[in-house]
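First comes the structure, then the notes that go with it.
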Amino acid sequence: MIAPSERLSLPYTAETAAAVEPLYARVAHSVTRAEWELFAPYVARIEQLKRERNAVVLAHHYQTAEIYRCVADVVGDSLALAQAAASTDADAIVMCGVHFMAETAKLLNPGKVVLLPDLQAGCSLAESITAEDVRALRAAHPGAPVVTYVNTSAAVKAESDVCCTSANAVRVVESLGAPKVIFLPDEYLAAWVASQTKVEIVSWKGHCEVHERFRGEDVRELKTSTPGIVVLAHPECPPDVLAEADFIGSTTAMLGWVRERKPARVAMITECSMASNLVDAMPEIEFVQPCNMCPHMKRITLPKILRALETLQPQIEIAPEIAGRARLAVERMTAVGRDRA
Ligand code: 13P
Ligand code: SF4
């Protein structure tokens, strides 16, 4: 997506067309030819700047197709992007995702330039809790370790023992060997983790504004009206939605499930780009709605990525008094593998 106000005067020349034309096949199921002529000059210039800057572009599964399929070097869920950030030898990292993902990349690469093309790309979960809230929870549950979902600020991570993502939440909780764990801030992810382990889970009241909008009765109705449909859901969905799902997992886990099992018809109860990015790779599968859009993820656009690479701004900076402790919590997370699917 490129808003008219964002457009720069980058013409679609014969030279541009030749440079990036082979990439069109990657997005032909979700991007029209007219849209491609707008995107192509940005893709060509971004590719050139990536080489000049020795930059790597990391993109979450919720990014639009022209970013996800045409300029990203690595795509993945939050855990995969953190692991990629930890192992890259690029000088600059462009995070096509939201603020907590860029902050995590910076924690793992304090000496590198980490760019978030739009600093306003936030997350309702990260907004739901403060460092002071975590300290109060610890005081209320003495001795219980704190597991923090990576969808939080660095200040909250700094108050935590270890972070997790939806790809390894159960494994991280069980790795602590504690009878009781404070798990924050996503109430629904916490409830799902509690259903998968004997560890007592103390939760917080944070929600993802995208996933909390799905309703169990709508999914039930979809299953009745669409025989043979397979339902995959992200664990940030409410419990009544998860109760209807055939598979529950992180975005990468859902992708792996579809790739391996190739269902004829599937509903992905998550953000809309997840299914549209898969359509390009697996056009033989019918992806059925509903889906909801994340407004924060959609703040990232090709013009903003281009500007970030040209100016090396906006950069992520983290106060040193927070960064050291937050880094430890993230490093402990990346050392734990993924949950068993
Ligand atoms: P994943 O780690 O599963 O990609 O989820 C990130 C996220 O923000 C989901 O809403
Ligand atoms: Fe945050 Fe939800 Fe958007 Fe993910 S989808 S970034 S959890 S608001």
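The figures that follow rest on heavy atoms only: side chains count, while hydrogens, waters and symmetry mates do not. Counting starts at 1 for both ligands and their atoms, following the listed order.
- Using a 4.0 Å cut-off to heavy atoms of V210, the atoms of ligand 2 that qualify are 5 (S).
- Nearest protein heavy-atom contact of atom 8 (O) of ligand 1 is N151 ND2, 3.4 Å.
- Atoms of ligand 1 lying under 4.0 Å from any heavy atom of S250, numbered from 1 in the order shown and given with element: 3 (O).
- Close approach of ligand 2 to L125 is summarised as follows: ligand atoms under 4.0 Å from at least one heavy atom of the residue are 7 (S).
- Between the side chains of T197 and E174, at least one donor-acceptor pair of N or O atoms lies under 3.5 Å.
- Of the protein's non-hydrogen atoms, H234 NE2, 3.3 Å is the one closest to atom 5 (O) of ligand 1.
- Between H61 and Y68, the distance separating the two ring centers is shorter than 6.0 angstrom.
- D161 has a carboxylate O that lies under 4.0 Å from a charged side-chain N of R138, or vice versa, which qualifies the two as a salt bridge.
- Distances from ligand 1 to the non-hydrogen atoms of H211 include at least one value under 4.0 Å.
- A salt bridge does not link K205 with E187: every distance from a Lys NZ or Arg NE/NH1/NH2 to an Asp or Glu carboxylate oxygen is 4.0 Å or more.
- Here is the list of ligand 1 atoms found below 4.0 Å of a heavy atom in E236: 7 (C), 9 (C), 10 (O).
- Against a heavy-atom cut-off of under 4.0 Å, Y62 is close to the following atoms of ligand 2: 5 (S).
- Residue contact check for ligand 1: S166 places a non-hydrogen atom closer than 4.0 Å to it.
- Test R307, K298, R299 against D118 for salt bridge (charged side-chain N to carboxylate O under 4.0 Å, His left out) and you get one pass: R299.
- Ligand 1 is never approached by E271 to a heavy-atom distance shorter than 4.0 Å.
- Contact check on K50 versus D73 returns a salt bridge, with a Lys/Arg side-chain nitrogen under 4.0 Å from an Asp/Glu carboxylate oxygen.
- Here the rule is ring-ring contact (aromatic ring centres under 6.0 Å, His included) with H207, and of F214, Y188, Y149 only Y188 fits it.
- Counting heavy atoms closer than 4.0 Å to ligand 1, residue S78 contributes atoms from both its backbone and its side chain.
- The protein heavy atom nearest to atom 3 (Fe) of ligand 2 is C294 SG, 2.4 Å.
- A side-chain donor-acceptor contact under 3.5 Å links T64 and E66.
- One side chain, E209 or H296, offers a donor N or O that lies under 3.5 Å from an acceptor on the other.
- Heavy-atom contacts of D77 reach the following atoms of ligand 1: 1 (P), 2 (O), 4 (O) (cutoff under 4.0 Å).
- For atom 7 (S) of ligand 2, the nearest non-hydrogen atom from the set T251, V150, N151 belongs to N151.
- Residue contacts to atom 1 (Fe) of ligand 2: C123 brings an N, O or S atom closer than 2.8 Å.
- Residue C208: an N/O/S atom is found under 2.8 Å from atom 2 (Fe) of ligand 2.
- Side-chain contact, S250 with H234: no donor N or O sits under 3.5 Å from an acceptor N or O.
- Heavy-atom contacts of H60 reach the following atoms of ligand 1: 1 (P), 4 (O), 5 (O), 6 (C) (cutoff under 4.0 Å).
- For the ligand labelled ligand 2, residue E236 lies inside the 4.0 Å heavy-atom shell.
- Of the charged side-chain nitrogens involved, at least one lies within less than 4.0 Å of a carboxylate oxygen, so that R33 and E21 count as a salt-bridged pair.
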